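Here is the structure we will look at.
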Amino acid sequence: MTRLRSDLERQARDFAAEITGLLNGTVTNGIRLSSWIDPNGNAIIRYGRQDSGALDNLVPLTVSQKQARFGLRIFRTLTLDDESRHLRNTQSAYVLATADGEAVFTYDFVRPAPTTAPASGREPTRRQMRCCSGVSTR
């Protein structure tokens, strides 16, 4: 295992523990977020097992023994920053959902691909910008 992967795993595990503590201290009780490294080398944080598939697992929003009426779906993808020192969020999703999984509110973040200006120092053309933004150039 490389030092960078080890650092990413450790920082992701610590961050998952920090979020777990925040959730258990405020809106739920006794949950634990998981973290692992995916096949692409990204750290993943979410509630539920690594092999459970899609984002089906809801953190129950209740601090009592009553059945939760709402839940929170949590998913984060992390890498290390350019200096390989700190975590960088590349994608995240937080979904407030009813107990049956119907989304009430969603907060999504996807870090855009880096863009660079041409060597001439001119602003990128419209076509160049669309190429990097995921928009079709056709």
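Sequence positions, counted from 1, serve as the residue numbers for this chain. Given the structure is predicted, the values throughout are model-derived calculations rather than measurements.
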Here the gap from Leu80 atom CG to Arg5 atom CZ, rounded to the nearest 0.5 Å, amounts to 12.0 Å

So, for Ala97 and Leu58, which heavy atoms are closest and what is the spacing to 0.1 Å? CB-CD2, 4.0 Å

Sequence neighbours excluded, the answer for side chain to side chain donor-acceptor pair (under 3.5 Å) partners of Asn29 is none

Tyr94 reachable from Phe70 in the ILVMFWY side-chain graph, under 4.5 Å edges: yes

Is there a donor-acceptor contact under 3.5 Å from the side chain of Asp38 to the main chain of Asn40? yes

Minimum heavy-atom distance Gln11-Leu87, with the two atoms named: OE1-N, 3.3 Å

Closest contact, heavy atoms only, Ala12 versus Leu78: CB-CD1, 4.5 Å

Enumerate the residue pairs fulfilling salt bridge (charged side-chain N to carboxylate O under 4.0 Å, His left out) with a member in residues 83-101, sequence neighbours excluded, ordered by first and then second residue. Asp82-Arg88

CG of Asp108 to CD of Gln91: how many Å apart, nearest 0.5 Å? 8.0 Å

Please determine whether residues Val95 and Leu61 belong to a single hydrophobic cluster, defined as Ile, Leu, Val, Met, Phe, Trp and Tyr linked transitively by side-chain heavy-atom distances below 4.5 Å. no

Going by the rule side chain to side chain donor-acceptor pair (under 3.5 Å), which residues pair with Thr26 if we only count those two or more places apart in sequence or in a different chain? none

Following the transitive rule for hydrophobic clusters with a side-chain heavy-atom cut-off under 4.5 Å over Ile, Leu, Val, Met, Phe, Trp and Tyr, establish whether Val110 and Tyr107 coincide in one cluster. no

Distance-only, no hydrogens or angles: does the Ser35 side chain make a donor-acceptor pair with backbone N or O of Ala16 under 3.5 Å? no

Would you say Leu72 and Leu22 are hydrophobically clustered, going by side-chain heavy atoms of ILVMFWY under 4.5 Å? no

Can any side-chain N or O of Asn89 pair as donor or acceptor with the backbone N or O of Arg76 at less than 3.5 Å? no

Spacing of Glu9 atom CD and Ile37 atom CD1 [to the nearest 0.5 Å]: 4.5 Å

Heavy-atom pair with the smallest gap, counting every atom of Leu4 and Ser84: CD2-CB, 3.4 Å

Shortest non-hydrogen contact between Leu33 and Thr20, atoms and distance: N-OG1, 3.0 Å

So which heavy atom on Trp36 is nearest to which on Gly48, and how close? CZ3-O, 4.4 Å

Does atom CZ (Arg111) have a neighbourhood of more than 12 heavy atoms from anything else shown, all under 6.0 Å? yes

Nearest 0.5 Å, please: how far is CZ in Arg10 from CZ in Arg3? 9.5 Å

Donor-acceptor contact present, side-chain Asn42 to main-chain Thr77, <3.5 Å: no

Look up atom OG1 in Thr98 and atom CZ in Arg69, then write down how far apart they are to the nearest 0.5 Å. 10.5 Å

